[in-house]
> 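My questions all concern the structure below.
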Amino acid sequence: MRSAIVERPLDPTALLAEVADTGSGASTLFVGTVRRVNQGRDVTGIDYTAYGPMAERELAAIVAAASERFGTERIVVEHRIGALALGEASIVIAVSHARRAQAMEAQRYVIEEVKKRVPIWKREHYADGTREWVDPTAAGAAIPAGTARAATGAQ
Amino acid sequence: MRSAIVERPLDPTALLAEVADTGSGASTLFVGTVRRVNQGRDVTGIDYTAYGPMAERELAAIVAAASERFGTERIVVEHRIGALALGEASIVIAVSHARRAQAMEAQRYVIEEVKKRVPIWKREHYADGTREWVDPTAAGAAIPAGTARAATGAQ
Amino acid sequence: MLYRWGTMPQTLSLNVLLFASWADALGSTVRVELPAGSTVADVLASLSARVSGSALPTPLVAVNQRYARPSDRIAVGDEIAIIPPVAGG
Amino acid sequence: MLYRWGTMPQTLSLNVLLFASWADALGSTVRVELPAGSTVADVLASLSARVSGSALPTPLVAVNQRYARPSDRIAVGDEIAIIPPVAGG
């Protein structure tokens, strides 16, 4: 069981190896990546920023809760921050478990909780040169950054 | 979209790379591995055998159905047959999708359908020298092989 | 059972493929002779009779590499396989 | 608001941490002066007044790196952070 906020490229293979165990019947890997298009706009990259100490604390709490809830110590999560290019991994979640159902449920639990609770933000850069903070609570999804005053909650 | 029954060790990293795409926001990997203990017995290895042509056909049908159902072409599955040692991977399922929910649901759909439909069988070897065909439909799980006549459905 | 004399042979000779526990009990292929017009259920009944007393798991039957229903008719040249409970993954 | 004179300072001086769109609007730390006994809601109201007219997303507030309720009291030395809608993963 381990979690970290890191500023280097993530290595899914290393995390998969880290949770591997002959007591496990299944391992799952979740890799979140920077997508080329979001809300119909051409994305060229994403800056991830975190409230570091709290993000680490929340991430650790999620992993501990998943471990307790699904019954495996073999959960490792790394979230990357900084400037990420298209296709690069922002998060990797590796789980292994004696049983496949729990390996998959733990994976899903961790990513959903991360999205809800961990104080990390992302600013998308678009092909037209603009950039915006992504607000998953907004109707349309992104809050303009830099020009924050122009944003509306109805976006 | 690709599926195969193979007789060589599986390479999860290669399959993850194969589905990667900048149009995807999430990739998932499922790795089924040979577990040290099953039904309380010490397992030392597993022989997987298949009805090859039908297994390939069923696997391809599952992948095609998952592609249609969850809306991604980026699904690759390999199932290994032959003699596998503890910890070795018997199946790898890689999916990538614009959306994480579908990437995870497709992963789960594929493994559950494989368990139901694909004509592949496994014979576990135990530390005491015996070996048995695993019967997931039996109450307790395994049918003695070689000594098939001694098996009971209530096992 | 309906069939036209002359177009249908009176007996079907089949090589049935077997796997896993069924192959251990009967071998990986078994020759079965059945009346023309026989069904999947008839094939299975014929094979089950050879292993009576054993407790082999109830299999499905595939015809030409697809799962078949018990009532499906068997034809000359069909590839028949006995599919014990699968355990892939 | 209840507090005992002499044991509680009359005003709280806080450095509040800001992130994402709130940091763009107000800077990454902001000094806030509030009456002793103020709550998380008071901190947020004070900051919201400085960005009135803008449409920043409604944030949560963390006290000492944990999510806090609006009614939670702030004390001297607390680490207060404004948490706009998170978008990790």
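Residue numbering restarts at 1 for every chain, and letters A, B, ... go by the order of the sequence lines.
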> Is it the side chain or the backbone of A:Ile91 that comes within 4.5 Å of chain B heavy atoms, both, or neither?
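The answer is neither part of A:Ile91.
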> For residues B:Thr13 and A:Thr13, is any side-chain donor paired with an opposing acceptor at under 3.5 Å?
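There is such a pair between these side chains.
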> Is a donor on one side and an acceptor on the other found under 3.5 Å between the side chain of B:Thr33 and the backbone of A:Ser24?
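Here the side-chain-to-backbone pair exists.
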> Would you say B:Met104 and A:Thr28 make side-chain contact, with heavy atoms under 4.5 Å?
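No. Closest side-chain heavy atoms not under 4.5 Å.
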> Heavy-atom cut-off 4.5 Å, strictly under: side chain, backbone, both or neither for A:Ala89 against chain B?
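Contact with chain B is absent: no heavy atom of A:Ala89 under 4.5 Å.
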> Would you compute the distance between atom CD of B:Glu88 and atom OG1 of A:Thr22 and round it to the nearest 0.5 angstrom?
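Atom-to-atom, B:Glu88:CD and A:Thr22:OG1 are 12.0 Å apart.
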> Return the option, out of A:Gly25, A:Gly87, A:Gly32, A:Gly23, with the maximum number of heavy-atom pairs under 4.5 Å with chain B.
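Looking at each option in turn, the highest pair count goes to A:Gly25.
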> Quick one: which of A:Ser90, A:Ala101, A:Ser96, A:Ala98 has the most heavy-atom pairs under 4.5 Å with chain B, could you say?
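Ranked by contacts with chain B, first place is A:Ala98.
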> Please examine the side chains of A:Arg100 and B:Arg108, heavy atoms only from C-beta on, and report whether any two atoms are closer than 4.5 Å.
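They are not in contact (no side-chain heavy atoms under 4.5 Å apart), so the answer is no.
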> Heavy-atom pairs under 4.5 Å with chain B are the metric here; pick the option from A:Val31, A:Val92, A:Val34 that has the most.
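Option with the greatest count: A:Val31.
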> With a 4.5 angstrom heavy-atom cut-off, is it the side chain or the backbone of A:Ala103 that approaches chain B, or both, or neither?
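Interface part for A:Ala103: neither.
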